[in-house]
Structures are given as C-alpha cells and as structure tokens.
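What's counted below: heavy atoms across the whole structure, side chains too, no hydrogens, waters or symmetry copies.
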Amino acid sequence: MLDQRFDPQGAEQRIYQRWEEEGCFRPSGDTSAEAYSIVIPPPNVTGVLHMGHALNNTLQDILVRFERMRGKNVRWQPGTDHAGIATQMVVERQLAQDGGNESRASLGREKFVDRVWDWKEQSGGQIINQLKRLGASCDWENERFTMGDRHDPDDQMQEAVRKVFVDLYNEGLIYRDKRLVNWDPHFQTAISDLEVESRDVKGHMWHFKYPLAGGETYTYVEKDEDGNVTLEEERDYISIATTRPETMLGDGAVAVHPDDERYAPIVGKLCEIPVGPKEHRRLIPIITDEYPNPEFGSGAVKITGAHDENDYGVAQRNNIPMYRLMDDQARMRTDGPSYEESAKAAQAIAGGKAATAAEVDALNLVPEAYRGLDRYEARKQVIADIDADGLMIEVEDKLITQPFGDRSGVVIEPMLTDQWFVNAAELAKPAIEAVRTGKTKFVPENWTKTYYNWMDNIQPWCVSRQLWWGHRIPAWFGPDGKIFVAHDEAAAVAMAETHYGEPTELTQDEDVLDTWFSSALWPFSTQGWPEETEALKQYYPTSVLITAHDIIFFWVARMMMMGIHFMGEIPFHDVYIHALVLDEKGQKMSKSKGNAMDPLELVDEYGADALRFTFARLAAQGRNIRLAKQSVEGFRNFTTKLWNATRFAEMNSCEFGHELKPGDLKLPLNRWIAAELAKAEAAVTASLEAYKFNEAADALYQFIWNVLCDWYIELIKPVMNGEDEAAKTETRKACGWVIDQTLKLLHPFTPFVTEALWEQTEDAERKRPGFLMLQDWPRYGDAWADAEAEAEMAWVLDTVSEIRSTRSVLNVPAGAQISASLIDASDKVKGWAAANEVPIRQLARLGSFAIADVKPARSVTIASGEDSIALEVEEFITPADEIARLDKEIAKLEKDITGTEKKLSNENFVAKAPPEIVEENRERIREWTATLAKLSSAREQLKDIS
RNA sequence: GGGCGGUUAGCUCAGCGGUAGAGCACUACGUUGACAUCGUAGGGGUCACUGGUUCGAUCCCAGUACCGCCCA
C-alpha cells in the first residue's frame, strides 16, 4: 500500500543511485537506432548550482529522457570547464587564508598549478553532485574536464587543444599581435570583450586648454543652427574634454571632425600637452578624423591610442604613435628612459621620424613626478598641476560608461600588449553560413539575429591569458624573438635547429589559453577527437545545444566556429535558447542583490520533481521566467495529486503492468479515458519535438488533474462500489493501464515520483519489466480515438456540470439530495442517461435522475439544445430568484443570437468565410434558439405559479 | 544611437484570424473511504493606444506611448 504522500527526501537519492548503478544513463550503443546527443554547457569547476543551471539542465534532462524512451541511442555528455581566472582566484584566496606565507608567487608556477589540481580533485566539481540531485541523467561514466587529466601526459583533451592551436597557427588563423586588449589590473591578465561588463558610474569630464605651439592664435567662431554667429573670439588654445586626464601624457594627437569649421584654421598645426615639466612639454598635431562628434564637448578629442578603444582606431587610421603609460597593475610606468629623453624621442617621431611599434612602446612618457603612482592618484595630480597652471576651463559631473572585469570587479584598462589572437572573422564566415542555410537552427528563431549581429561584427579573439592555470600555449621563442609553434617542445626545438642551423635554446610562452578556447572544442573533444573515434561518428554533430541567450556569444558562436573548421560539420542541429530565471519582481537574481534563490533549497523543500515541473511549465519560448516559491509549491501539489490518484487505483485493486489493445475496452467510460490519454500523448510528443516544454507540461497537467482525477476517478467510483463484476474487472484493467501510461508520459518531467510509483505499484503477478525510465515511449496514433464514447462522456460531464452549477447558483445546500428529470431527450440521449444514471446521481448529488416526458411542475429548468433537465428544488428557492436567474440567461442568449444573426446576414461573410465557419454559426443559432425556447417556457410556467 | 522583446483577469503568464484561457489570489459552500498539499461553484478582461489589411483583428501590418534586456 502506498504511503499517504510521496516523500522526495527519502526516495530521490535512493532511486537515483539505483539508476546510476544499473547503468541507466549509459548510451544504448545501439547503432541501428537513431543517435541523440547533447553536450552539457560545461559549468565552471568552481561553480555551484544556481537557478540558471537548474533550468538549463532540467530542460536537457527532459529531452534526453524523452528521446531515450523513444528508443534513441542517447548520450548526454557531462563535464566541467577549468575556469582559468575563477579557479586560480579560488586557490589563491585559499593560500591567503591558510595563514602560511605561501602565495602564488612564492610557490612558483609548477607547485601552484599542482595546488590547483589538488583543489580540483578535492573540492572542485561540486556542481556535478548537485546536478544529480536534480535527476540529471548524464552519461557520467564519460564525464570530461576541459583540462583533461593531470597524470596523463598524452591526455586527449589537452591533445585536442594543442592540435587546434598548432593547426590554426599554421593556417594563419592564429597570430601574435600587439593590439589594444582589455587588461584586468587585478588579475594582471588580458581578458576577452565578453568578460568585460560596461557600467554607468558617476564621473567627471574635465575641460583643459591645449595651447597652440609658438603662441599662435586663431579666430574661434561658433554659430547657431541658422548660421548666426553666437560667439567669436581670438584663442591661443584648443579646448579638450576628457574623463581620464592621466592618459594625456600619452596623447599622440588632437583630432577634430573634418567638417568642423570652428577648428579648420588650425588643422595641421601643433598644440602642446599642458602637463609635465614645462621645458619638455610635447607638441602634438591637430588632425582630422571622422570619429570626433562636433556636437559633443568641444568637438576636439585627444588621441591616446594605447589606452582607449576609440582612440586606438583613430591612431591606427592616422598613423599616430601609441604611447603606453602603465604597467601590469595599472600604475604609471617606472621603466624605460627618463621623461626628458622619452619626450625628445616622441617629439622626433611627431616630427616625422620613423619608429617601430616596439621602439614607441619602450618610451616612457610619464614624468618622473608621476612615475609609480596608481592611475587614479596620477589623475588627481595631473588635474591639480594643470589647474595650478590656469589651463583648466571647467569640470562637469557626468555619468560615464566604464568597463569592469566581470570577475575582478575592477576598472579594465585598455592596454597595448602582445597577445595571441584568433582570426574570428575568418572562422565566423562558415559559421554564419551554416545558420543562414538552416543547417543549424535557433529556437526561438529570433535569436538568429543576435547571432548574426555578433558574428557580422566579430573582432579578433584574444586567446592568451597571463595566468598559470590553463592550457599552456604551445609556442616557443628563439633568442631573437622568432616564434616556433609546435605540438611539443621537442618539435619546436627541431624547428629551431632547422631555422637557425644549429641547436638553439628556446623559451616557451608563459601564457595560457582562454578557457573558452578549450570549451569551443567541447562538442568534439569530449567524444575523443583528434582521434576518429566511434563516439564521434555516432554523436557528432550533436542534436541540440540548450543554453541561455547570454551565452550565445561565449558558447554557440565559438563552438560553431571551431566545430565547422575542425570537423567539417556543424556542432549541433538545433540551438534552443531558454529563458533567464528572474525573481518574483522580474529582476535578475544575484548574490549582491540578495534575491537569489537556491535551487537546492527548493529541492529540499518541495522535491526535485516539483522544481523540474515548475521550470517546464513556465518555460514558454521567448519569455523569461519569474520564479516564486508559490509556483513550486503548486506543482509539488500536482505531484501529490498524481500520487494519490495512483493510491486510489491501488486501493481499488486496479491492475498495473499489463498491456491493452483498443478492442479490449467495452465501457464508454474506459474507452473515453483511453482516448483522452491518447490525445494527451499526441500533445506531449508534438510539443517536446518542437521544444515547447510549457505546452507539453500543460497538456499533462490538464490531463492528469482535470480529466483523470476530476472526472475519470470520480466516475469509476460508482463502478467500483457497484455490483457489475464485468465492469469492475474491465475498469480495474483500464485504470491501472491508464496510470501506467501516464507515468511514462510524465516521467521526463518528474522522474522521481513517477519511478517511485512505477516501482511501488509492481504487482506480484506482473513484474515490472525494469525501470520506468527505460520503458518505451507510448505512441497511440488514433487507435484509441472513439467518437461515440467521447460524445457520450461529453454529455455526462456536461450534464453533471450544469446541474452542479445550477444548484450552486440557486444556493441549494450541498448535502441536499434533490430529484432531476431529463426532458425531451432523443433516444440516443435517453440511452446515455440510463447508462450513466448512477454516476450522474452521485456526482451531481441527486436523489433520483429519471427520464420523463413532461417537466414536473414547480421545477427549475436547465436547458441546452433540444433536451433539458428539470431540477426539483422548490423547497430551496423562491420563484422570483429563479425568474431572475432565467432572465439573466435569456438576456445573454438573446444577445448572442442577435449578434450571430447579424453576422450571418452579412452577404460578404456568407460568401467569403469558410463554409464550416458559416455552418458553425448557423448551428449555434439553432442550438441557442432551442435553449431559449426552453428557458422562456420555463419562465412562463414559473410566472403562472407565482 | 542600433538591435531584440514585452504590454491579455488583482498577480504571474499561456494563447490565437472565427464567442477570451490557466495557475495563484479572491468569494461562497463542502470533511463525500485517493488527495484539505483537497473538492464543488462563482466573481473578475474595451486583450496599451491610433490607423490599416480582412467578411471578420486580441492575433497580421504600420505608427504612438510606456516597460525591460543586449550592443555601442
């Protein structure tokens, strides 16, 4: 006998363990079956499960369980990524907390990396166990890690990364370059554009005078829109606005828009940077470029190519030198020649002397007074010094958009450094094409635009990181800086020997690769690439990638690029983009806001099934999910409902664990529920095939609660309590079978409670053929469709509902056993009434339900179409109340009839609307008219009585 | 500034060219041998606004307003 309710705490872990022990998560390996594969978007090895993961993995698990039951050869590939910065940060923090004197620096690279591996083995990958608590049916035996195995020198995951790097280098798609990158001064590494978050913060805009060289002057004229002069004065300076005065030291030019008439007289002349020792102030040219916006500030912009994204572009276009001012920690440089020497050299370059980028970079244009200062301290002093010179015009308070490192939270410094770049634009071409031609489809489709938008404007991808934890870049430098990219050191050495003509010592690049570089290979590296494995043949391309939209750039785009390039084939057929999980108020959940909900707490409180079903039910395409505890509670109640329905069936000796064929059922009641079940199955299957999780979940919810529990179970109670043994036998079979089938359909959504019920309803005579999760997905087609039974039961349900509603409206006490008669019914309806007399009496709480030719006097009429039902409730109501009720209904009917008649009298409607619609409206009028006649005559009768 | 999305019941949201739906909340009644984590019934909507297409628009198109998110 089943317990009163399902106990998730007690059952979930036990069931999960059994599945795992019995190898239920393994691919069937049946190569004659269609393959179905999903790679998990690898969570960070440092990660803990949050709502986004919970939703993401629930949806994957639903699909995977569904397809597994459909007989496909399913691999759900799990694993984690090594999360370069995050993991290094965790271990460094741990070192600091340990209280010893050890730090990353004191340990040195090798020992530190060992420590990270130790940490990974002991504490990493918690999220894997958390995924198991959700019920995730990943192929855990094939779990992968983007860094591979520390103990295996030939580790294949590492091999894959090396091969990709070397191949791309040899193809010219990876190159080393000095470019402006996002520099994180906290972690002292470059990071990619995607790891930078722009935020508006309060800041200032300083306006300074840049004096013209040699005290030259010009007439500065401002005009309004109509061309009237609003300001005219002689100036010996050009006004420059900046939010970052400390970067003035590295200015290479001042730029104005070519159409800006105000500055036309001084274009091509020189002006002076108003900071630094007076005797060595630098002169820089005033140039034109499309970038400056004449409407913004003074319209003139200082150009510091080495420390600003926009300036970098201007500097490149106009061949303006880019002077680097800061070190790895964003302090003003202390290296290189003196300011005096550097300024002279810079002046020579400004005057036309040729210089290489390296020579320019070597110069240190930070005056001695500012050297070694933090960038913000330097800013203060620069401002103070200019102000003291009387060259400051004004300071504005202003909201400025600043870049922050998403991990470090510090302001990112655009910095000119040597890094490795992937030619993403080139790799993007076939990746864009694959979506354009429909080889890979986004669901919902509108995300293709986001994808194109990103891909069409893609920038070189900076893949080197100045970290220790990660895939070391397989590049070695000769003494002259010559680069040798090779699979391993021996190969590099051999190349060097050929190149130099003698054995030459090389040093390996210190840097590691961006974590996403290895994640981009995930769909094929996890299946054994570069070896041509059986797994690759079976499971690549994968069927679908399930992810959130904020990850389109990180994962989707990069996996597409690498997959197509190295496999010659797209990595996934579909990309399903799911919602973000927001809090009740529609705000993003975050730790700092304190509105984050812990999915595992919800699992503890309501069970994994409840949380999973909530996600599925709310996962409508193209919309975010606002999650409230209350919804999870509601769906927990749903699982309880199912539990109790099964419990009822068990108590009534329903037979589980057998098959039924359409001809086996004779009773309309049972034929009807089978037909309803088949409809639900069709809806669930179609919805899941279309990634419409909410529709699938809704179909199941409606079927189980509103059809199976509310009606079917109520309707079989009289059968079970009755005398008809044949009917009982059939109904026991039918009910048990329908519940069995329902468990299968619901299993992908709520695997634990369904598996528990499957297991616990096992019959001694009919053993279950193994786990529910491994059963075949039912496909009924229209075999169970049964128009006759459905019409009969529709009439029964309708009749009961009408009687109940009328009782309630008339305030007939719930316990009163009243009498009712069916009037003016056709023979068919009379037959239905006779056959269903007992259930109708019980569900509608009637003392008697008879077929009569004449309406009993003093009864209340419920009319629908031809037949009507007379309720003998005289003792409970007053005729006036009933007349009022009838008037209301009559009025509504009259209104409906008039409206529809008007529609039908429109020739255009009759001529142009589809015939079935026209007929539908005519039929409606016929029915309403009949009903109206019944109600009117009932009203007349009542009037006579009262 | 560019792009995307949203506006439907008190709340959260489905839906859809052919009489407006769900869950929750609310109201009344109910402890009937599966379930009070429940049952029965009920109230509640100019489907943001303005035009257009159509026999017919909440739905399609255009515009407006407001609200989100992403990118500069």
Find the partner of [N]: check Watson-Crick (N1-N3 plus N6-O4 or O6-N4) and G-U wobble (N1-O2, O6-N3) distances, both under 3.5 Å, and reply none if neither fits.
| N | result |
| --- | --- |
| B:C47 | none |
| B:G5 | B:C67 |
| B:U58 | none |
| B:A22 | B:U12 |
| B:G30 | B:C38 |

Any side-chain heavy atom of [X] within less than 4.5 Å of one from [Y]?
| X | Y | value |
| --- | --- | --- |
| A:Gln760 | A:Thr646 | no |
| A:Pro599 | A:Leu611 | yes |
| A:Thr806 | A:Arg885 | yes |
| A:Glu875 | A:Ile818 | no |

Considering only the [atom1] atoms, how many Å lie between [N] and [M], rounded to the nearest integer?
| N | M | atom1 | value |
| --- | --- | --- | --- |
| B:U27 | B:G10 | P | 16 Å |
| B:G52 | B:A41 | C1' | 44 Å |
| B:G43 | B:C24 | C1' | 16 Å |
| B:U7 | B:G15 | P | 10 Å |
| B:C49 | B:U8 | C1' | 15 Å |
| B:G1 | B:G23 | P | 44 Å |
| B:C26 | B:U64 | C1' | 36 Å |
| B:A20 | B:U53 | P | 23 Å |

Can you confirm if the NZ or CZ of [X] lies within 45° of the ring axis of [Y] and under 6.0 Å from the centre of its six-membered ring?
| X | Y | result |
| --- | --- | --- |
| A:Lys717 | A:Phe648 | yes |
| A:Arg436 | A:Tyr452 | yes |
| A:Arg636 | A:Tyr606 | no |

Can you pull every protein N or O that's under 3.5 Å from an N or O on nucleotides 51-58 of chain B?
from, atom 1, to, atom 2, distance (Å)
B:C55, OP1, A:Lys912, NZ, 2.4
B:C55, O2', A:Asn906, ND2, 3.1

Taking [atom1] from [X] and [atom2] from [N], how many angstroms apart are they, rounded to a whole number?
| X | N | atom1 | atom2 | result |
| --- | --- | --- | --- | --- |
| A:Gln630 | B:C24 | CD | P | 9 Å |
| A:Tyr701 | B:G23 | OH | P | 6 Å |
| A:Glu650 | B:G33 | CD | C1' | 15 Å |
| A:Asp896 | B:A20 | CG | C1' | 13 Å |
| A:Glu197 | B:C70 | CD | C1' | 12 Å |
| A:Tyr291 | B:A72 | OH | C1' | 11 Å |
| A:Leu627 | B:G23 | CG | P | 19 Å |
| A:Ile458 | B:A72 | CD1 | P | 13 Å |

Looking at [X] and [Y], does any basic side-chain N land under 4.0 Å from a carboxylate oxygen?
| X | Y | value |
| --- | --- | --- |
| A:Asp896 | A:Lys892 | yes |
| A:Glu923 | A:Arg926 | yes |
| A:Lys629 | A:Glu601 | no |

Give a yes or no on whether the ring-centroid distance for A:Tyr576 and A:Phe693 is below 6.0 angstrom. yes
Output one letter per nucleotide in nucleotides 1-17 of chain B: B when a protein non-hydrogen atom lies under 4.0 Å from the base, S when only the sugar-phosphate is that close, - when neither is. ---S-SS----SSS---
List the protein contact pattern of nucleotides 37-45 of chain B with one symbol per nucleotide (5' to 3'): B for base contact, S for sugar-phosphate-only contact, - for none; contact means a heavy-atom distance under 4.0 Å. BSSSSS---
Does atom CD of A:Gln817 have more than 12 heavy-atom neighbours, drawn from other residues, nucleotides or ligands, at distances under 6.0 Å? yes
Check whether more than 12 heavy atoms from other residues, nucleotides or ligands sit under 6.0 Å from atom CD of A:Glu916, and answer yes or no. yes
By nearest heavy atom, map A:Thr401 and A:Asn706 onto RNA chain B; which one lands nearer the 5' end? A:Asn706
If you find the nucleotide of RNA chain B closest to A:Asn310 and the one closest to A:Gln702, which residue's nucleotide is nearer the 5' end? A:Gln702
Polar pair under 3.5 Å, donor/acceptor by atom type, side chain A:Glu714, base B:A34: yes
